[in-house]
Structure formats: structure tokens, C-alpha cells
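Every chain is numbered from 1 and lettered A, B, ... according to where its sequence line falls, protein lines coming before strand lines.
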Amino acid sequence: MRAAIVVRPIDCSALLAEVAATSNGATVLFTGSVRASSDGRAVSGIDYDAYEAMAREELTRIVREAVERFATSHVVAEHRTGALSLGEISVAIAVGHPHRGLAFEAARYVIEEIKLRLPVWKQELFTDGTRTWVDARLDTRTPVR
Amino acid sequence: MRAAIVVRPIDCSALLAEVAATSNGATVLFTGSVRASSDGRAVSGIDYDAYEAMAREELTRIVREAVERFATSHVVAEHRTGALSLGEISVAIAVGHPHRGLAFEAARYVIEEIKLRLPVWKQELFTDGTRTWVDARLDTRTPVR
Amino acid sequence: MTVRVLLFASWADALGARSVDLDLAADATAADVLAALSERAGGAALPRPALAVNRAIVPGSTRIASGDEIALIPPVAGG
Amino acid sequence: MTVRVLLFASWADALGARSVDLDLAADATAADVLAALSERAGGAALPRPALAVNRAIVPGSTRIASGDEIALIPPVAGG
């Protein structure tokens, strides 16, 4: 298992190699990448900001949870930060498992927890020159009182 | 979309590139590979036999179903035949989709249908020199009367 | 009529061939093909197969026509 | 005591800095930190943040100690 916050491009082949083992019959790779449109607006790129020290710890926790829940040590996750162009990969998760059902579930678990918990923020850059921070949980997050 | 029965090694990077598009925010790759053990017995490899002409048509049908059900044209699947060593990939499915939930579901759909419907058979080669055809649906398939 | 039946996996091994030619009555059905092949296999312990005609699994009542592409389909085990 | 608060995303933009130093009472809480920062942001329309102390989100009642690593955490949007 491994978790990292990176500034370099994510290398999916390296992640797949990292979870490869002859004990595994199934491998699932998930990647998230920069889409050309957001809520109907044309996007030119995304800038990712992160609280890197905490994000690294939180991503490590999430990966460890997946390892324990789904009974495989072959889970790796990377989240990239900085300026990403259209189509570039912002997050990648690879899971190797003896059985395919749990490989799918583990990969899904990691990406859902990343979305909920990782202290990372994206600013969408639009082709019209404007930019907006995405506050995905703006309406649902319980604020500190 | 594309479906193929191949005898060469499966190139995951090529499949990922094939489903890449800036309309997609999520990509899921599934691979199945040869495990070192089967029901507690040590395996040295698997020979895959296939009714190639029908398998190609059936895999194309499965991929087309996924394209229609999950609303993305970015679905590719390859199944390899012949003699495979431990760790080699026998089947790979790549899906690109605007949204991650449907990307996962589409990949899962394709592998489950492959397992149920594709006229492909595997013969496990054990380290003790014996070999056995795997008849996965032996107990459940309704025979022709 | 004579039809060629493609064989795979355990059935190909048991019959020692990738295909067999069968002499069938003009009104033969898929079930007749399966019965003829079971007889050829003798007492071999083999999984119960289905029959594909022109690359689709068919019910036993399906009539076989000269020129059909016929294949014996053991329980599949791909992936 | 003086504490440094790390800022990210919309809050870093609004306050024009990646961190701010705050003078706090010795018995200050996480809620006090959030209140002081909201005051600095003035009327800016910003998402309601949480506070992380030593890399974990804490409730508002948590006492701040000198030397704590403190960060303002806007609603996350990674992936």
C-alpha cells in the first residue's frame, strides 16, 4: 500500500505494476481527469491547491482503511496538485485483489473517501478567462461552531 | 467502442489511451490475470481456448450493450487466448465516462457478462503437472434439451 | 446430410479433435446433434454442453440446415 | 499568544496570503480562530470553513495551544 500527493504527472502503468502480484486475479484502476466542461461552461484547465501535509496523512489513512476493509495490501493512490490541463489525470487509484468484486469495491471506496475527506481544492479555469473555486460540500458541510 | 479476441499480450496503456477524451472525468480499467493458486492448488499457467468467431461477436454485443446502458461510447474490451503464464492479463476492459459511478458500473457490467456469456474456456495447469478444464457454470447452466 | 461440429475445451480433448463430422437425418435438430456427440463421447465425464448454430446458442428443438455453422459449447469459463 | 493559520483556496485568495498570524488570548478556542479570520475577511462571500489543528479537523470548543499547526479548511473539492 502507498499514498502520495504529487506534483508530477501520474503514471498509471507504474501504479498498475505496483499492485501486480500473482496472488491477484483482478486489478482495478480508477483515474479522474480534467473535463472540458463543467456545468455547461467550457473549461481550459484546473488548478489544484492542497494542504499537502494533511492530505498526505489523510490519503494514507484512506488507503489503509481500504486495505483493512477489503483484505488486500495492494492498494495505491496518488493525487496530483498544481496546474492541470484538459485530460490530465488528477487522481489515480490502483487495487489488486484475488477477487474482482472486492477490487471494484476497494477502488470505489478510496475515490469516494477522497472526495469527502481529502484537503484538496480545485479552481476551474474557464475559456472566457474567469476562474472559480469549487466548493463541493458548501451546502452540506457542518461548520465548526 | 471496440472488442477483440487477441493472442498477443494485452497492452493496458493502449486501452486507456483509446478511451481517453476530454469529455470524460473518470476512467476505469479492469484486468483479470492468472493467479498462482486455484482452490488451494498451485497453478503454473492457464491455457485459454475460445470459439473465436462467436466470442468476437459476443464480446462486441456485450460492449455495445454497455455503451447503450451507461451512455458512453468509450468502452473497449479485449480477451486473450492461448497459453498464459502467472500474472499475465487474460482480459481487460477500459471505460471512459463523464461521471465515475457509471464508469465503474459499465466496467463491472462488461466483466460479469463476459464471465456469463463469452465462449471461452480455461484449462488450469498445476505445478504437479496435471491440468483441468474449468467448467464454471457446470451446475447452473441449463442444457439444451 | 453431413454437418461439421466444432469442438472446444474438455469436449475437444475427449473426442481428440477440434471438429467432428456427423451424418444426420434431413430433419435433425440441435438435440439430435447433442445426442450423437454424447454417444461418441461414450462414458466420458463431460460437462453438459449447449449447441450454437451460426454463432448463437439455440434450443434443442432448432432444426439444423445444411451449411449451418455448428459448435458444441461447454459451460463457459472465460475472464 | 501568536499563532499562524494556514490558508487555502478561496480563503487564501480572499485574504491575499497563504497564512496569517493571529494574536489570541491564552484560552482561545478553534471557534475564536474562525471568528477572527471571518472578521479579517470582512464581507467577502466565502464558504464556511472548518479548522484543522495538527492535521485533524476539530470541534469549535477545542483549545488552541502555542505551537499547534493550525489550518483553515474550506469545504474540500479534490478528486
Side-chain angles (χ1 to χ4, degrees), chain A residues 10-17 19-40 42-46 74 84-112 114-115 122 124 127, chain B residues 10-17 19-40 42-46 74 84-112 114-115 122 124 127:
Chain A
I10 291 175
D11 178 351
C12 292
S13 297
L15 295 191
L16 288 171
V19 299
T22 61
S23 54
N24 294 331
T27 303
V28 172
L29 172 77
F30 172 84
T31 70
S33 53
V34 179
R35 290 177 65 194
S37 78
S38 175
D39 286 333
V43 169
S44 60
I46 293 183
H74 303 114
L84 273 69
S85 306
L86 291 191
E88 282 199 287
I89 294 171
S90 54
V91 61
I93 299 148
V95 176
H97 199 287
H99 304 292
R100 66 186 183 279
L102 292 176
F104 274 105
E105 286 180 39
R108 187 75 196 261
Y109 177 82
V110 173
I111 184 61
E112 297 303 330
I114 283 173
K115 294 262 177 189
K122 63 180 126 186
E124 292 175 330
T127 54
Chain B
I10 290 175
D11 178 351
C12 292
S13 297
L15 295 191
L16 288 171
V19 299
T22 61
S23 55
N24 295 331
T27 303
V28 171
L29 173 76
F30 172 84
T31 69
S33 52
V34 178
R35 292 176 65 194
S37 78
S38 174
D39 286 333
V43 169
S44 60
I46 293 183
H74 302 115
L84 273 70
S85 307
L86 290 190
E88 283 199 286
I89 293 172
S90 55
V91 61
I93 299 149
V95 176
H97 199 287
H99 304 293
R100 66 186 182 282
L102 292 176
F104 274 105
E105 287 179 41
R108 188 77 197 261
Y109 176 81
V110 172
I111 185 59
E112 297 304 330
I114 283 173
K115 294 264 180 188
K122 64 179 123 188
E124 292 176 330
T127 54

inquiry  = Under a 4.5 Å cutoff for heavy-atom pairs, which residue among B/Cys12, B/Gly32, B/Pro98 has the most contacts with chain A?
reply    = B/Pro98
ask   = Checking A/Ala21 against chain B: side chain, backbone, both or neither under 4.5 Å from a heavy atom?
value = neither
request  = Applying side chain to side chain contact (heavy atoms under 4.5 Å, CB included), run through B/Val19 and B/Val95 and close with a yes or a no.
outcome  = CA-CA 6 Å; B/Val19 299; B/Val95 176; over 6 Å; no
inquiry  = For chain B, which candidate among A/Gly87, A/Ser33, A/Ala36 shows the most heavy-atom pairs at distances under 4.5 Å?
reply    = A/Ser33
note = d(A/Thr27 OG1, A/Leu15 CG) to nearest 0.5 Å is 11.5 Å
query = Of all of A/Val28, A/Val43, A/Ile89, A/Leu16, which one pairs up most often with chain B through heavy atoms under 4.5 Å apart?
reply = A/Val28
request  = Let me know if A/Ala26 has heavy atoms under 4.5 Å from chain B in its side chain, its backbone, both or neither.
outcome  = both
inquiry  = Does any backbone or side-chain atom of B/Ala92 lie under 4.5 Å from a heavy atom of chain A? Answer side chain, backbone, both or neither.
reply    = neither
key: Worked verdict on B/Val91 versus B/Ile114 for side chain to side chain contact (heavy atoms under 4.5 Å, CB included)   = CA-CA 9 Å; B/Val91 61; B/Ile114 283 173; 3.9 Å; yes
key: Segment of A/Thr31 engaging chain B (4.5 angstrom heavy-atom cut-off)   = both
task = Classify the angle between the aromatic ring planes of B/Phe104 and A/Phe104 as parallel (below 30°), tilted (30 to 60°) or perpendicular (above 60°).
result = perpendicular
request  = Evaluate the side-chain proximity of A/Lys122 to A/Ser90: yes if any heavy-atom separation is below 4.5 Å, no if none is.
outcome  = no
query = Between A/Thr22, A/Ile111, A/Asn24, which residue shows the highest count of heavy-atom pairs closer than 4.5 Å to chain B?
reply = A/Thr22
request  = With the side chain counted from C-beta on, respond yes when A/Glu105 and A/His99 share a heavy-atom pair under 4.5 Å apart, and no when they do not.
outcome  = no
